[in-house]
2 protein chains.
Amino acid sequence: MDQISSPTSARLRAMQAEGMNLDSCPVRTVVSRLGSKWAPLLLQLLAERPHRFSELRRLVPDISQRMITQTLRDLERDGYVNRSVLPTKPPSVTYSLTDMGVSMFESYRLLFEWAEANHQAVRAAREAFDASDKG
Amino acid sequence: MDQISSPTSARLRAMQAEGMNLDSCPVRTVVSRLGSKWAPLLLQLLAERPHRFSELRRLVPDISQRMITQTLRDLERDGYVNRSVLPTKPPSVTYSLTDMGVSMFESYRLLFEWAEANHQAVRAAREAFDASDKG
DNA sequence: CTGGATCCTCTATGATACTG
DNA sequence: CAGTATCATAGAGGATCCAG
């Protein structure tokens, strides 16, 4: 039973019964960061192999310099990404997943695979909803 | 090989080579919606069992009326959630996961379980980062 | 090459009042 | 009970310029 059902919602109710701040919710702590606009994209690329800063910019052409820096920094801060600076001139910086990043992405990736397989069904559901009286 | 590696990043590069709009990215289509502030919480509760509107409000006390309505509506629009109105007086509305919602959550849930197991490590990483010169 | 600093815009979210 | 409508705000994200 514990193997199958997530303890999350039970803990959630317990937390709320105690009046705990939901900002300390384990799920939100992790998911809110990973669900940002660019984090999924960068994680995918880093899961494939380490990348230079400039490589990431080139592979994600519509990301702003500010957001790639900030997103990578947030991912580094949470322990998912390792940032290594090579003291060349000019300097080169390589980003890679940490062990924790790899571990996390093994779980996150399943949602990505679901999205790959089912995004058309989602789009269809949206169009159907919008075409109905509910839209 | 195809079993293990996600085709996402390969497709991503192909899309970008064609100059496609990244808003049509399969992963972003799905993930951006599910990573919102309240969607994970509501999905967890609905994955457990169907809930009335008022039940959800009670179980998530710090959500505003506006956002619970909007989040549930977004999830319904994307085909994850079913909304059934019982014509009682006053009306009662029950929300539940659709088959697609159950399917999606089976994948999403693994990230939740990872978060449950590792959120302390994430918090520790944050504190270490903030305590270092990088913070 | 890899950022930091600044200013600006837009979207997500919240607060409040009203309704079948 | 289960919303809708309106107004207000905070934070995410973008554009641009500057620097080691």
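Convention: sequence-line order gives letters A, B, ...; per-chain numbering from 1.
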To the nearest Å, how far apart are [X] [atom1] and [N] [atom2]?
X: A:Gln65; N: D:dA19; atom1: CD; atom2: P; value: 14 Å
X: B:Gln70; N: D:dG3; atom1: CD; atom2: P; value: 13 Å
X: A:Glu76; N: C:dT2; atom1: CD; atom2: C1'; value: 13 Å
X: B:Leu72; N: D:dT4; atom1: CG; atom2: P; value: 11 Å

Looking at [X], I'd like to know whether one of its side-chain N or O atoms comes within less than 4.0 Å of OP1 or OP2 on [N].
X: B:Arg83; N: D:dG3; value: yes
X: A:Tyr95; N: C:dC1; value: no
X: B:Arg66; N: C:dA15; value: no
X: B:Thr88; N: D:dC1; value: no
X: B:Lys37; N: D:dG11; value: no
X: B:Ser54; N: D:dA2; value: yes

Exercise. What is the nucleic acid contact for A:Arg52, judged by heavy atoms within less than 4.0 Å: base, sugar-phosphate only, or nothing?
Worked result: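 Result for A:Arg52 = sugar-phosphate.
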Exercise. Taking the six-membered ring for Trp, are A:Tyr80 and A:Phe105 ring centroids under 6.0 Å apart?
Worked result: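 A:Tyr80 vs A:Phe105: aromatic centres not under 6.0 Å.
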Problem set entry | A:Trp38 six-ring centre to B:Arg28 NZ/CZ under 6.0 Å and within 45° of normal |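 Satisfied, under 6.0 Å and within 45°.
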Exercise. D:dC1, D:dG13, C:dG4: which one has an atom nearest the side-chain heavy atoms of A:Met67?
Worked result: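 So the nucleotide nearest the side chain must be D:dG13.
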Problem set entry | B:Glu55 bridged to B:Arg49 by N-O distance under 4.0 Å |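 Yes, B:Glu55 and B:Arg49 are salt-bridged.
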